[in-house]
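Structure, as structure tokens:
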Amino acid sequence: MTLKIYNSLTKEKEEFKPVEKNKVKMYVCGMTVYSDAHIGHARTYFAFDMIRRYFEYKGFEVTYVQNITDVDDKIIAAANKEGIDALEYSKRYADRCFADLDKLGIRRADIYPKASETVPDMIKLTEKIIDNGFAYESDGDVYFSVEKFKDYGKLSGQKLDDLMAGARIDPADKKKNPFDFALWKKSKPDEPSWDSPWGAGRPGWHIECSAMSSKFLGLPFDIHGGGMDLRFPHHENEIAQAEAATGKDFAKIWIHIGLLTVDGDKMSKSIGNIVNVKDLLEKWDSEVIRFFFAQAHYRSPPDFSEKALKNAKKGLARIHRVKEKLVACASRKIGEINDKDLVPNEKNYLKEIVDFKTSFVSAMDDDFNTPQAVSIIFDFVNSSNRFFEKATKLNSYICRFALDTLLELGSILTLFQTSKIKNSILDDDLLKKVQRIADNYEINVKGKTMEESIDLLLKKREEARTKKDWGTADGIRNDLDKIGFEIQDTVDGPVWRKK
RNA sequence: GGGCGGGUAACAAAGUGGCUAUGUGGCGGACUGCAGAUCCGCAUACGAGGGUUCAAAUCCCUCUCCGCCCUCCA
């Protein structure tokens with residue numbers, strides 16, 4: 001089983017061959033921290049988290065570097081407006097963004113270099129580029145000369161001549177070619193600045209990624225990624241800088257994530273449709289959001305909408321119901337059994353589980369095809385339900401095996417993560433609601449836990465049902481449903497789950 | 001103008017030469033006091049036109065429509 005990845009550089013799916021055996025070195029362009037994390041950030045970083053997890057699943061040792069752009073025009077402008085230091089301002093938003101992404105259940109990268117702390121490396125890299133004849137100084141600025149780098153455009157497929165034809169760039173006085181870009185910018189008043197061989201100033205945006213990736217990963221490294229929007233000019237420029245400075249190949253594989261739209265529109269400040277992660281988490285469980293992401297391929301542009309999340313939530317509930325059935329069945333104590341003791345239903349189910357795992361892995365091996373992988377999870381769900389439907393007795397060994405497989409595959413898609421941050425305020429609130437319902441039905445639940453209280457309510461409901469008191473029975477069910485508990489009557493009696 | 005990627009059933013979204021994708025929704029049936037869950041069955045597809053092939057949603061050509069990038073952007 002070999003892993004194939006679509007490489008934006010070659011525009012082909014390629015078999016993954018690590019630079020260093022059993023290791024994966026990946027660099028992903030991170031956030032410019034001047035406002036809260038939005039759903040687009042979440043989508044991109046979810047995709048790379050999933051990619052990293054899958055590499056780990058395949059047994060690779062992954063080093064994942066993601067930069068933090070904490071010095072930039074927008075940050076400086078916003079900080080000046082508030083009258084505070086730019087770095088203080090960006091620190092604040094970096095903390096907020098990471099807190100939001102943490103809550104979303106996206107694992108952090110291994111290293112988060114900050115632009116402001118990597119300036120000496122950027123200066124060194126810029127000097128090398130000048131020494132190698134690919135850049136020039138112009139009145140305190142330093143520009144990269146795109147004409148000198150013959151491979152310029154190899155990532156985006158753009159030719160310099162074609163770019164010229166469609167150019168809508170003002171002929172910049174300091175540049176030799178309008179597509180030359182700044183490696184170093186002369187400082188202006190009220191800006192953070194650093195000393196350099198070209199006087200006080202600050203680095204250009206593109207140079208930070210070239211400097212940080214080569215500093216922490218070495219050249220060449222395996223994977224460089226980011227949003228689709230960064231392909232040109234940002235990534236094109238990164239390649240030019242790194243290769244001009246070192247003469248080595250930069251990144252082997254380029255991965256670009258399709259940009260998310262909101263209700264069919266591009267997400268932008270001008271439309272005013274930016275969806276913040278923080279706001280989203282008030283209404284939706286993080287797992288629902290992640291599952292929504294997993295249902296679209298990373299290279300496709302998913303369309304975010306309430307409807308799409310509702311859809312994801314319903315599908316996810318199906319998966320959880322099966323998981324809970326398996327947990328219940330697996331926890332029954334039954335000894336080991338011999339293969340010959342299995343009935344056809346059980347044998348068939350075991351075989352299907354093994355097949356699902358194989359299909360799941362080959363879906364993921366094919367350029368991280370999570371939508372297909374999700375469909376296999378649903379095949380698993382359907383098969384499990386059929387198994388339970390036909391089973392005359394339940395075998396805990398089989399359920400354990402099925403459960404382990406489901407948890408293993410699910411974890412690759414970030415499913416079934418137990419929330420580390422227990423929300424005690426919400427839990428207390430829910431217990432009070434349950435207690436209030438119990439009071440209405442004259443059940444004393446003083447000092448009882450939520451689970452015990454619900455069980456008592458369901459016991460009361462069963463009593464009502466035997467008396468054919470449908471009013472009380474349906475009342476209890478509806479009241480619990482309203483506060484978020486799903487009640488189902490089964491042959492084994494009533495069961496409940498949190499929706 | 002140049003570059004990149006698309007158009008699949010009601011919606012979302014995989015597949016990419018022959019085999020039911022999948023989810024949500026719809027219809028019918030089973031189960032149930034009812035509901036829900038679950039199972040069984042059904043319907044609705046591959047933008048248009050040509051071509052290659054025994055066979056095309058899938059390969060080739062032409063056309064058409066849409067999105068994104070070329071300015072900061074995940």
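Below, all heavy atoms of this structure are taken into account, side chains as well, without hydrogens, waters or symmetry copies. Given the structure is predicted, the values throughout are model-derived calculations rather than measurements. Below, read A as the first sequence line, B as the second, and so on, with proteins coming before strands; counting in each chain starts at 1.
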Using a cut-off of strictly less than 4.0 Å, decide whether [X] has a side-chain nitrogen or oxygen near OP1 or OP2 of [N].
| X | N | result |
| --- | --- | --- |
| A/T370 | B/A14 | no |
| A/K269 | B/C72 | no |
| A/R231 | B/C4 | no |
| A/Y6 | B/G5 | yes |
| A/T261 | B/G67 | no |

Whole angstrom value for the distance that separates [atom2] of [N] from [atom1] of [X]:
| X | N | atom1 | atom2 | answer |
| --- | --- | --- | --- | --- |
| A/F232 | B/U71 | CZ | P | 7 Å |
| A/H235 | B/C70 | NE2 | P | 13 Å |
| A/R299 | B/G6 | CZ | P | 7 Å |
| A/D263 | B/C11 | CG | P | 16 Å |
| A/H320 | B/U38 | NE2 | P | 14 Å |
| A/E462 | B/C34 | CD | C1' | 14 Å |
| A/F368 | B/A14 | CZ | C1' | 17 Å |
| A/W470 | B/U32 | CH2 | C1' | 10 Å |

Between [M] and [N] - [atom1] atom distance, rounded Å:
| N | M | atom1 | value |
| --- | --- | --- | --- |
| B/A45 | B/C61 | C1' | 24 Å |
| B/A30 | B/C65 | C1' | 46 Å |
| B/U16 | B/G6 | P | 12 Å |
| B/C54 | B/C39 | P | 43 Å |
| B/C11 | B/G26 | P | 15 Å |
| B/G29 | B/G50 | C1' | 46 Å |
| B/A9 | B/C42 | C1' | 14 Å |

### Query
Hey, which of these two, A/D265 or A/F48, hits RNA chain B nearer its 5' end, going by closest nucleotide?
A/D265
Tell me what [X] touches on the nucleic acid: a base, only sugar-phosphate, or nothing, going by heavy atoms under 4.0 Å.
| X | answer |
| --- | --- |
| A/N385 | sugar-phosphate |
| A/R386 | sugar-phosphate |
| A/K307 | sugar-phosphate |
| A/Y45 | sugar-phosphate |
| A/G157 | sugar-phosphate |
| A/N369 | sugar-phosphate |
| A/S268 | nothing |
| A/H297 | sugar-phosphate |
| A/L259 | base |
| A/G153 | nothing |
| A/T32 | sugar-phosphate |
| A/K11 | sugar-phosphate |
| A/L260 | base |

On the side chain of [X], is there an atom forming a donor-acceptor pair with the base of [N] - under 3.5 Å, no angle test?
| X | N | answer |
| --- | --- | --- |
| A/D474 | B/G33 | yes |
| A/R477 | B/A35 | yes |
| A/D229 | B/C68 | no |

#### Entry: Close side-chain approach of A/S286 to A/K103, heavy-atom, < 4.5 Å
no
### Query
Do A/K498 and A/L430 come within less than 4.5 Å of each other through their side chains, counting heavy atoms only?
yes
#### Entry: Nucleic acid footprint by protein, nucleotides 16-28 of chain B - heavy-atom cut-off 4.0 Å, B for base, S for sugar-phosphate alone
-----BSBSS---
#### Entry: Salt-bridge contact A/K176-A/E147 (side-chain N to carboxylate O under 4.0 Å)
no
Relative to each other, are the rings of [X] and [Y] parallel, tilted or perpendicular (30° and 60° limits)?
| X | Y | value |
| --- | --- | --- |
| A/F387 | A/Y349 | parallel |
| A/F356 | A/F380 | tilted |
| A/Y93 | A/Y89 | tilted |
| A/H224 | A/F250 | tilted |
| A/W254 | A/H235 | tilted |

Looking at [X] versus [Y], is the centre-to-centre ring distance below 6.0 Å?
| X | Y | result |
| --- | --- | --- |
| A/H256 | A/Y298 | no |
| A/Y27 | A/Y64 | no |
| A/F293 | A/F46 | yes |

### Task
State whether the SG distance for the cysteine pair A/C329/A/C399 is less than 2.5 Å.
yes
### Query
Under the 3.5 angstrom rule, does the side chain of A/R290 hit a backbone N or O of A/L104 as a donor-acceptor pair?
yes
Nearest listed nucleotide, side chain of [X], among [options]:
| X | options | result |
| --- | --- | --- |
| A/D489 | B/A14, B/G36, B/C34 | B/C34 |
| A/K266 | B/A37, B/C4, B/C69 | B/C69 |
| A/E486 | B/A74, B/G36, B/C39 | B/G36 |

### Summary
Pairs under 3.5 Å (Watson-Crick or G-U), crossing ones as [ ], inter-strand ones as |: RNA chain B comes out as (((((((..(((.....[...))).(((((.......)))))....(((((..]....))))))))))))....
